[in-house]
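Read the structure below first, then the notes.
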There are 2 protein chains.
Amino acid sequence: MARVSKISKPKRPARARSRRPELSPRKEPSQERARQTVDAILEAAGDVLVREGFDRASTNRIADAAGVSIGSLYQYFPNKDAVVRALVERHEARMLEVMRTHLGDLAGKDVREVTRALIEGLLDAHRVKPKLQKVLLEHGGHEASSVDAAVEALVRAAVESRRIELAVNDVDVAAFLLVTAVRTACHRAVVERPDLLERPAFVDELCDLVLRYIAADAPAAPRSTTKRG
Amino acid sequence: MARVSKISKPKRPARARSRRPELSPRKEPSQERARQTVDAILEAAGDVLVREGFDRASTNRIADAAGVSIGSLYQYFPNKDAVVRALVERHEARMLEVMRTHLGDLAGKDVREVTRALIEGLLDAHRVKPKLQKVLLEHGGHEASSVDAAVEALVRAAVESRRIELAVNDVDVAAFLLVTAVRTACHRAVVERPDLLERPAFVDELCDLVLRYIAADAPAAPRSTTKRG
DNA sequence: TCGAGACGCGAGCCATCGCTCGCATTCTGA
DNA sequence: TCAGAATGCGAGCGATGGCTCGCGTCTCGA
């Protein structure tokens, strides 16, 4: 057989890849046609991941769903991992965009207002392709996402800068707990309990949870519906 | 270099193999020898999962690590999934055992005590083979575990039975938030921040988060280390 | 003692997976 | 107009995975 020795390095998942800068990004699409191809691939990747699940989402199936040949896929992505990574980045960019438009300027605002804005922003962001997000979270969500990082930084800064007026002892742990609690609550609500999203009480309670913790003596946040004094 | 012709493989669609309509639970080990085999398989499965990661944990590798033939593995487990499932069950049984011995009798106890006992029990339970748990969580944590169910029931009952004396408005939402927050904090701590598990402040803050929420006006819980008045 | 069933073995079937490579088609600029 | 670059194609390679099956070994009750 003519085609001998081929550099077969494929099956080397390489547990942890610390190489962040450019994993051989293959070709960059320069024509409009190519840009559409790349887009179709990413779109299809999302669909396949949701429809078939992570394990059954092979590159062949993705290319197929995109109406594109497998060869074309590998012209723009060096390997399967790169496809998923690109998809994650795109999804997170969209979420961050939602949050950004939701938050506006937080400087100088009251703790309660900031808290509520953050929570509502997060909730809104989680409404972007929730099913896709679920799959992505379950299969790689262990690595901190850019959204997490952004939110955690925001919360940390907020908690730290107001430390004296707040009732928090361990800023580190507090930030961890808050981000974990709120982020997961949003996520679980979106994917498992969509009914909660319709209840104004949900946001209220979430705000209470946070505010009572970081400002134990502070009055409750403004509520959506008046209920309690 | 044309590598044409070639007896192209029929590439049979191979719709289905000899389908096994029922999920045959396979053999039950009856002799001591067999019980040891099953045990070795599960033990090895855990090791391989931790050492090689979920994707590289093939049945062949597991059988190999167990010092057992692949045929023997399939004598007791109908498929790979069953092995993982059995491993999960075994692990959860151990976690529940830890929690049970940790909790003792909660009846009539103070909210603070109950909260702290629950949280410490949960944390202790998460210390059982944390690396294995990390892998299991990342690849199937989406399904409710028996531990989750047990805890959720406990919390719901606790919140509901003390409703009047607590500051909670919406029991439903409150239970959801509490379980989500605490459970995920434990999970994430195990997966991403094992250092937190050793810090007493972690338990303290977690207790504060819960207690300030459900008993907003109540004094802080007893702390591990005295810090604040 | 002995035979039947429980147990253990491992080569190997077949499916699928990630990915390559030679070639066809389309676009672009001089 | 037309050459060369960019893009698209898809059969098929080598690797690996789940799992079967035929047969040898061990155990135990009668």
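Values below: every heavy atom of this structure, side chains too, minus hydrogens, waters and symmetry copies. Order of the sequence lines fixes the chain letters, A, B, ..., with proteins taken first and strands second; residue numbering starts at 1 for each chain.
Defined by atom type and a distance below 3.5 Å, a donor-acceptor pair is missing between the side-chain atoms of A:Glu28 and A:Tyr76.
The interatomic distance linking A:Phe77 (CZ) with C:dT20 (C1') rounds to 18 Å, in whole Å. Counting to the nearest Å, the C1' atom of C:dA15 and the CZ atom of A:Arg56 are 11 Å from each other. A:Tyr76 has its OH atom 18 Å from the P atom of C:dC19, to the nearest Å. Look at CD on B:Gln75: it is 10 Å from P on C:dA6, rounded to the nearest Å. Distance, B:Ile62 CD1 to D:dG17 P: 11 Å, rounded to whole Å. For the pair A:Arg35 CZ and C:dC27 C1', the interatomic distance rounds to 13 Å; values are reported in whole Å. With rounding to whole Å, B:Tyr74 atom OH is found 18 Å from C:dC7 atom C1'. In this structure, B:Leu73 places its CG atom 10 Å from P of D:dC19, rounding to the nearest Å.
Remark on DNA chain C: of its neighbouring residues B:Gly71 and B:Ala34, the 5'-side contact belongs to B:Ala34, judged by nearest-heavy-atom nucleotide. The residue among A:Ser30 and A:Ser69 whose nearest nucleotide of DNA chain D lies closer to the 5′ end is A:Ser30. Two residues, B:Asn60 and B:Glu32, neighbour DNA chain C, and the one matched to the more 5' nucleotide by heavy-atom proximity is B:Glu32. Each of B:Arg61 and B:Arg33 was assigned the nucleotide of DNA chain D with the nearest heavy atom; the assignment lying further toward the 5' end belongs to B:Arg61.
Taking side-chain N and O atoms only, A:Ser72 has a distance below 4.0 Å to OP1 or OP2 of D:dC9. In this model, the phosphate group of D:dC19 is not approached by any side-chain N or O of B:Thr59 to a distance below 4.0 Å at OP1 or OP2.
Closest approach to the B:Ile70 side chain among C:dG8, C:dT28, C:dG10 is made by C:dG10 (side chain taken as heavy atoms from C-beta onward). For A:Lys80, taking side-chain heavy atoms from C-beta onward, the closest of the listed nucleotides C:dG8, C:dG18, C:dC9 is C:dG18. Looking at the side chain of B:Ser58, the nearest of the listed nucleotides C:dC7, D:dG17, C:dG10 is D:dG17. Distances from the side chain of A:Thr37 to the nucleotides C:dC19, D:dC19, D:dT7 place D:dT7 closest.
Using bins of under 30°, 30° to 60° and over 60° for the plane-to-plane angle, the ring pair A:His126/A:His187 lands in the perpendicular bin.
Nearest approach of A:Leu206 to A:Ala185, heavy atoms of both residues: CD1-CB, 4.0 Å. When all heavy atoms of A:Leu197 and A:Ala189 are compared, the closest pair comes out as CD2-CB, 4.0 Å.
Between the B:Ser72 side chain and the B:Val68 main chain, no donor and acceptor come within less than 3.5 Å of each other.
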